[in-house]
Amino acid sequence: AINENTGSLLVSYDHNTIPMQDMFHTIMEAVPHLAEDKKAQQKPSLWNRQKIAKRGMLVSLSIALTMAALDEDDLHVLAGLGFLGFLSLHLNIHKKRIFK
């Protein structure tokens with residue numbers, strides 16, 4: 001059933017009776033714009049990783065600098081390691097452009 005208010009689709013089926021692949025093809029034929037939406041959803045996963053990496057670097061570097069100013073060595077080192085982790089994620093995302 002398609003809910004027009006939310007634009008959602010509720011599918012109820014018995015996986016023992018109908019193979020999942022057949023059900024998938026039936027849904028894609030009934031609602032063809034779902035295939036386009038699926039392609040559009042693949043890009044945000046990369047975008048979400050980029051956002052996480054950038055925000056993580058910003059927050060962890062801010063904490064590291066604050067802890068350095070407050071002379072809190074252990075927390076400064078911990079936040080610095082967090083920054084390096086997020087930097088590694090950021091560089092991994094952009095490795096094709098970096099290593100041209």
key: Contacts of type side-chain contact (heavy atoms from CB on, under 4.5 Å), residue H94, not counting sequence neighbours   =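 H94 satisfies side-chain contact (heavy atoms from CB on, under 4.5 Å) with Q50, H90, R97, I98 once adjacent residues are dropped.
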task = Give every residue pair that meets the ring pair (Phe, Tyr, Trp, His ring centres under 6.0 Å) criterion with at least one member in residues 66-88, sequence neighbours excluded.
result =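 Found none.
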Could you pull out all residues at least two apart from [X] that satisfy side-chain hydrogen bond (donor to acceptor under 3.5 Å, both in side chains)?
| X | answer |
| --- | --- |
| N16 | none |
| D22 | none |
| K96 | none |

Atom pairs and distances, side-chain donor-acceptor, residues 61-68, under 3.5 Å, sequence neighbours left out:
unit_1	atom_1	unit_2	atom_2	d
S62	OG	L58	O	2.7
T66	OG1	S62	O	2.8

query = How many angstroms lie between atom CE of M20 and atom NE2 of H25, to the nearest 0.5 angstrom?
reply =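 Rounded to the nearest 0.5 Å, the CE-NE2 separation comes to 10.0 Å.
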inquiry  = Return the CG to CG distance between L87 and L91, rounded to the nearest 0.5 Å.
reply    =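 Output value for this atom pair is 4.5 Å.
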ask   = More than 12 heavy atoms of other residues, nucleotides or ligands under 6.0 Å from CG of D14: is that the case?
value =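 Enclosed.
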message = With no hydrogens and no angle check, just 3.5 Å: does a side-chain donor-acceptor pair link K51 and N48?
response =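 Judged by distance alone, the side chains do not pair up.
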request  = Is it possible for you to say whether L70 and L81 belong to one hydrophobic cluster, with membership spreading through side-chain heavy-atom contacts below 4.5 Å?
outcome  =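 As far as the 4.5 Å side-chain criterion goes, L81 and L70 are not connected within one cluster.
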